[in-house]
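Single-structure report; data block below.
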2 protein chains.
Amino acid sequence: MRRVMTEQAFYILTALVDGPRHGYGIVGEVAELTEGRVDLRVGTLYGVLDRLVADGHVELDREEPHQGRLRRYFRLTDSGREELVAEAARLEANARAATRKLRASGRTRTAGAEGVA
Amino acid sequence: MRRVMTEQAFYILTALVDGPRHGYGIVGEVAELTEGRVDLRVGTLYGVLDRLVADGHVELDREEPHQGRLRRYFRLTDSGREELVAEAARLEANARAATRKLRASGRTRTAGAEGVA
DNA sequence: CCTAATATATCGGAAGCCAGGATATTGTGC
DNA sequence: GCACAATATCCTGGCTTCCGATATATTAGG
């Protein structure tokens, strides 16, 4: 055991922060909150959700009938929220460290990007 | 194909930003730049390096004898640097989005962490 | 010389991701 | 009412990625 959380799990937890959501709802929210930078696939979703439930980070909120099929809504648990807070901090710190290194070594910019200020 | 870059690849590229490094050198630098938040395994390293070389993001810099074995030093290519710049920005934006959502929904902090200001 | 420590690199199994498919309902045209 | 398309949920099989264990080589200690 080494990996705390996969990147997909991180986005799914984030999508659940402001309330329970069901399958497609999660997919849509991930696209929205990352402004299209992440395209969570349906095939990925359920496997990750199962893992998150097994780990106690997410739990079933309720089931609602919708067009003949049951929609399962999932909810973030306290433990899930804690892990998410920690992971967000970890990822941001690491991304910053990378940016810092790039800056220090010159050319941070790709063609077209605006300068420092 | 969907995944631009894995997390491990991101850290390896970052470790190469300020100059060529060899196997264990990369492992050490990743630990240092992430202040221990990432523990890159040797078993992971070479597979990822092979992929990065195949993708043209990294290339062999030189080989130096060291204690009877050859040390292979790897170097970041221009394309690798560009990808890294983009990925760092993407990850930072996503981590920020998560933090923003957590803030907006109340309790951002885990026990013990200091407050906002 | 034997053992431990250090360092490089590989390999095979486990875990994770996702395209494609199965299933079910609603809506539209005929 | 029926065929077909569109929408939505969820699973499965295969491919990719990760990493524990292992193999090899050198140096240091006893």
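Chain letters run A, B, ... following the sequence lines, proteins first, then strands; residues in each count from 1.
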Review point. Out of dT17(D), dG16(C), dA9(C), which nucleotide sits closest to the side chain of Arg51(A)?
Key: dG16(C)
**Study point:** Closest listed nucleotide, where the reference is the side chain of Tyr46(B) and the choices are dC19(D), dA9(C), dC10(D)
**Key:** dA9(C)
Check your understanding: Just wondering, do Arg51(A) and Thr6(A) contact through their side chains at under 4.5 Å, heavy atoms?
Key -> yes
Review point. What closest approach, in Å, do Phe10(B) and Met5(B) show between heavy atoms, and which atom pair accounts for it?
Key: CA-SD, 3.7 Å
Check your understanding: Can you check the Leu40(B) CG to dT8(C) P distance for me, whole Å?
Key -> 13 Å
Below 3.5 Å between N/O atoms, which protein atoms pair up with nucleotides 22-27 of chain D? Just atom names and distances, please.
{"unit_1": "dT26(D)", "atom_1": "O4'", "unit_2": "Gln67(B)", "atom_2": "O", "d": "3.4"}

**Study point:** Phosphate-side-chain proximity, Thr44(A) and dC18(C), N/O vs OP1/OP2 below 4.0 Å
**Key:** yes
**Study point:** Per Arg72(A) side chain, nearest of listed nucleotides dC11(D), dT8(C), dC17(C)
**Key:** dC11(D)
Exercise for review: Check whether any side-chain heavy atom of Gln8(B) sits under 4.5 Å from a side-chain heavy atom of Val30(B), and report yes or no.
Suggested key: no
Point to revise | Atom-to-atom span, CG of Asp39(B) to P of dC18(D) - whole angstrom | key: 14 Å
Review point. With a 4.0 Å cut-off, would you call Glu64(A) and Arg62(A) a salt bridge?
Key: yes
**Study point:** Whole-Å distance separating the CZ atom of Phe74(A) from the C1' atom of dC10(D)
**Key:** 10 Å
Review point. Roughly, in whole Å, what's the span from CE in Met5(A) to C1' in dC17(C)?
Key: 17 Å
**Study point:** Pairing of Glu32(B) and Arg37(B) as salt bridge, 4.0 angstrom limit
**Key:** no
**Study point:** Out of dT8(C), dC19(D), dA8(D), whichever nucleotide has its closest atom nearest the side chain of Arg71(B)
**Key:** dT8(C)
Exercise for review: With heavy atoms under 4.0 Å as the rule, sort Leu70(B) into base, sugar-phosphate or nothing.
Suggested key: sugar-phosphate
Practice item. Take the protein atom CG of Leu49(A) and the nucleotide atom C1' of dC17(C), then report the distance between them rounded to whole Å. Key: 14 Å
Check your understanding: Relative to the 5' end of DNA chain C, which residue comes earlier, Glu7(A) or Val42(A), by the nucleotide with the nearest heavy atom?
Key -> Glu7(A)
Exercise for review: Answer yes or no: is there an ion pair linking Arg21(A) with Glu29(A), defined by an N-O contact shorter than 4.0 Å?
Suggested key: yes
Revision key, fill the gap. Rounded to whole Å, CZ of Arg41(A) lies from P of dG21(C) at a distance of 15 Å
Check your understanding: Please give, in whole Å, the distance from dT17(D) P to Tyr11(B) OH?
Key -> 17 Å
Practice item. Using a heavy-atom cut-off of under 4.0 Å over every strand shown, decide if Thr6(B) touches base, sugar-phosphate, or nothing. Key: sugar-phosphate
**Study point:** Candidate list Leu52(A), Thr77(A), Leu76(A), test side-chain contact (heavy atoms from CB on, under 4.5 Å), partner Glu59(A), passing option
**Key:** Thr77(A)
Review point. Separation of Leu52(B) atom CG from dC18(D) atom C1', in whole Å?
Key: 14 Å
